[in-house]
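The next block holds one structure in the form of C-alpha coordinates; read it before the comments.
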Amino acid sequence: MNTLVSRVLIGVLCCASLTFLFVACGYYDNWWLLFNLLAVCLVPFPTWMAMTQKDALAIRGDYDAAAIFATAALVTVTFAIPILLVHVHAITVGALCLGLGSVIALYGAVALFYWTDRRENAYSGF
(Lines give C-alpha, C1' and ligand atoms only; values in the text may rest on other atoms or scores of the structure.)
Protein backbone atom coordinates (compact mmCIF):
# COMPACT_ATOMS: atom_id res chain seq x y z
CA MET A 1 0.00 0.00 0.00
CA ASN A 2 1.27 3.44 -0.88
CA THR A 3 2.34 5.65 2.03
CA LEU A 4 0.06 8.49 0.96
CA VAL A 5 -2.94 6.18 0.66
CA SER A 6 -2.30 4.72 4.10
CA ARG A 7 -1.93 8.18 5.68
CA VAL A 8 -5.20 9.30 4.11
CA LEU A 9 -6.88 6.10 5.31
CA ILE A 10 -5.59 6.75 8.83
CA GLY A 11 -7.14 10.22 8.75
CA VAL A 12 -10.43 8.87 7.41
CA LEU A 13 -10.59 6.21 10.13
CA CYS A 14 -9.88 8.75 12.87
CA CYS A 15 -12.57 11.10 11.53
CA ALA A 16 -15.01 8.20 11.22
CA SER A 17 -14.28 7.19 14.79
CA LEU A 18 -15.11 10.63 16.17
CA THR A 19 -18.13 10.92 13.89
CA PHE A 20 -19.50 7.59 15.13
CA LEU A 21 -19.00 8.67 18.73
CA PHE A 22 -20.65 12.07 18.35
CA VAL A 23 -23.53 10.66 16.28
CA ALA A 24 -24.11 8.04 18.97
CA CYS A 25 -24.25 10.77 21.58
CA GLY A 26 -26.23 13.34 19.62
CA TYR A 27 -28.75 11.17 17.80
CA TYR A 28 -29.75 9.23 20.89
CA ASP A 29 -29.51 12.37 23.07
CA ASN A 30 -27.37 10.62 25.64
CA TRP A 31 -23.87 11.87 26.33
CA TRP A 32 -22.62 9.06 28.58
CA LEU A 33 -20.51 7.66 25.74
CA LEU A 34 -18.16 10.63 25.96
CA PHE A 35 -16.52 8.82 28.88
CA ASN A 36 -15.23 6.51 26.18
CA LEU A 37 -13.41 9.47 24.61
CA LEU A 38 -11.74 10.16 27.96
CA ALA A 39 -10.64 6.52 28.23
CA VAL A 40 -9.25 6.57 24.68
CA CYS A 41 -7.25 9.70 25.49
CA LEU A 42 -5.72 7.95 28.52
CA VAL A 43 -4.51 4.89 26.56
CA PRO A 44 -1.07 6.22 25.50
CA PHE A 45 -0.07 7.60 28.91
CA PRO A 46 1.35 4.39 30.44
CA THR A 47 3.61 3.92 27.42
CA TRP A 48 4.78 7.52 27.55
CA MET A 49 5.55 7.22 31.26
CA ALA A 50 7.52 4.02 30.66
CA MET A 51 9.47 5.72 27.88
CA THR A 52 10.57 8.48 30.24
CA GLN A 53 11.83 5.91 32.75
CA LYS A 54 13.91 3.96 30.22
CA ASP A 55 16.83 6.37 30.33
CA ALA A 56 16.66 7.02 34.05
CA LEU A 57 16.89 3.46 35.38
CA ALA A 58 18.65 0.32 34.34
CA ILE A 59 15.62 -1.81 35.24
CA ARG A 60 13.39 -1.00 32.33
CA GLY A 61 11.74 -4.39 31.87
CA ASP A 62 9.47 -3.81 34.86
CA TYR A 63 8.31 -0.46 33.52
CA ASP A 64 7.72 -1.92 30.07
CA ALA A 65 5.66 -4.80 31.49
CA ALA A 66 3.62 -2.43 33.67
CA ALA A 67 3.03 -0.11 30.70
CA ILE A 68 1.86 -2.98 28.51
CA PHE A 69 -0.48 -4.20 31.26
CA ALA A 70 -1.93 -0.72 31.90
CA THR A 71 -2.37 -0.05 28.18
CA ALA A 72 -4.14 -3.38 27.69
CA ALA A 73 -6.39 -2.63 30.67
CA LEU A 74 -7.32 0.78 29.24
CA VAL A 75 -8.02 -0.71 25.81
CA THR A 76 -10.31 -3.24 27.48
CA VAL A 77 -12.04 -0.40 29.33
CA THR A 78 -12.75 1.41 26.05
CA PHE A 79 -14.62 -1.66 24.84
CA ALA A 80 -16.28 -2.26 28.21
CA ILE A 81 -17.73 1.22 28.78
CA PRO A 82 -20.41 1.02 26.03
CA ILE A 83 -21.27 -2.57 26.98
CA LEU A 84 -21.71 -1.65 30.63
CA LEU A 85 -23.76 1.42 29.75
CA VAL A 86 -26.19 -0.64 27.67
CA HIS A 87 -26.34 -3.23 30.47
CA VAL A 88 -27.57 -0.64 32.99
CA HIS A 89 -29.95 0.81 30.35
CA ALA A 90 -28.15 4.15 30.20
CA ILE A 91 -27.79 3.94 26.40
CA THR A 92 -29.62 2.06 23.67
CA VAL A 93 -28.34 -0.79 21.50
CA GLY A 94 -27.96 1.59 18.54
CA ALA A 95 -25.66 3.81 20.57
CA LEU A 96 -23.76 0.69 21.64
CA CYS A 97 -23.17 -0.30 18.01
CA LEU A 98 -21.99 3.19 17.10
CA GLY A 99 -19.78 3.37 20.20
CA LEU A 100 -18.12 0.04 19.49
CA GLY A 101 -17.74 1.03 15.83
CA SER A 102 -16.00 4.17 17.00
CA VAL A 103 -13.52 2.21 19.10
CA ILE A 104 -12.87 -0.34 16.35
CA ALA A 105 -12.27 2.41 13.76
CA LEU A 106 -9.88 4.23 16.07
CA TYR A 107 -7.83 1.16 16.94
CA GLY A 108 -7.85 0.18 13.28
CA ALA A 109 -6.27 3.55 12.49
CA VAL A 110 -3.63 3.00 15.18
CA ALA A 111 -2.84 -0.48 13.86
CA LEU A 112 -2.60 0.85 10.31
CA PHE A 113 -0.23 3.59 11.49
CA TYR A 114 2.10 1.08 13.16
CA TRP A 115 1.92 -1.25 10.15
CA THR A 116 2.78 1.59 7.76
CA ASP A 117 5.56 2.86 10.01
CA ARG A 118 7.01 -0.62 10.31
CA ARG A 119 7.07 -1.04 6.54
CA GLU A 120 8.76 2.34 6.05
CA ASN A 121 11.35 1.79 8.78
CA ALA A 122 12.44 -1.84 8.82
CA TYR A 123 14.52 -1.18 11.93
CA SER A 124 11.50 0.01 13.92
CA GLY A 125 11.18 -1.17 17.52
CA PHE A 126 7.56 -2.28 17.22
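Every heavy atom of this structure was used, including side-chain atoms; hydrogens, water molecules and symmetry mates were not.
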Smallest heavy-atom separation, Ala24 atom then Tyr28 atom, equals O-CD1, 3.4 Å
At their closest point, which heavy atom of Ala67 faces which heavy atom of Pro46, and how far apart are they? CB-O, 3.5 Å
Considering residues at least two apart in sequence or located in another chain, which fulfil the ring-ring contact (aromatic ring centres under 6.0 Å, His included) criterion with Phe45? Trp48
Going from CG on Leu33 to CG on Leu96, what distance comes out if it is rounded to the nearest 0.5 angstrom? 8.0 Å
So do the side chains of Leu37 and Leu18 get within less than 4.5 Å of each other, counting heavy atoms only? yes
Within one Ile-Leu-Val-Met-Phe-Trp-Tyr cluster: Phe22 and Leu85, side-chain cutoff 4.5 Å: yes
Please name the pair of heavy atoms, one in Ser6 and one in Leu112, separated by the smallest distance, quoted to 0.1 Å. O-CD2, 3.7 Å
Write out all pairs satisfying side-chain hydrogen bond (donor to acceptor under 3.5 Å, both in side chains) with one or both partners inside residues 77-97, taking only residues at least two apart or from two chains. Thr78-Tyr107
So do the side chains of Phe20 and Leu100 get within less than 4.5 Å of each other, counting heavy atoms only? no
So which pairs with a foot in residues 10-20 pass side-chain hydrogen bond (donor to acceptor under 3.5 Å, both in side chains), sequence neighbours left out? Ser17-Ser102
Value rounded to 0.5 Å, distance of CG in Leu9 from CZ in Phe113: 13.5 Å
Closest non-hydrogen contact found for Thr76 with Ala72 is OG1-O, 2.8 Å
Tell me, yes or no, whether the heavy-atom count around Phe35 atom CZ, taken from other residues, nucleotides or ligands under 6.0 Å, exceeds 12. no
Nearest 0.5 Å, please: how far is CG in Leu21 from CG in Leu34? 5.5 Å
Check Ile91 against Trp32 and note the closest heavy-atom contact, atom names and distance. CG2-CB, 4.4 Å
Which heavy-atom pair separates Pro82 from Asn36 by the least distance, and what is that distance? CG-ND2, 3.7 Å
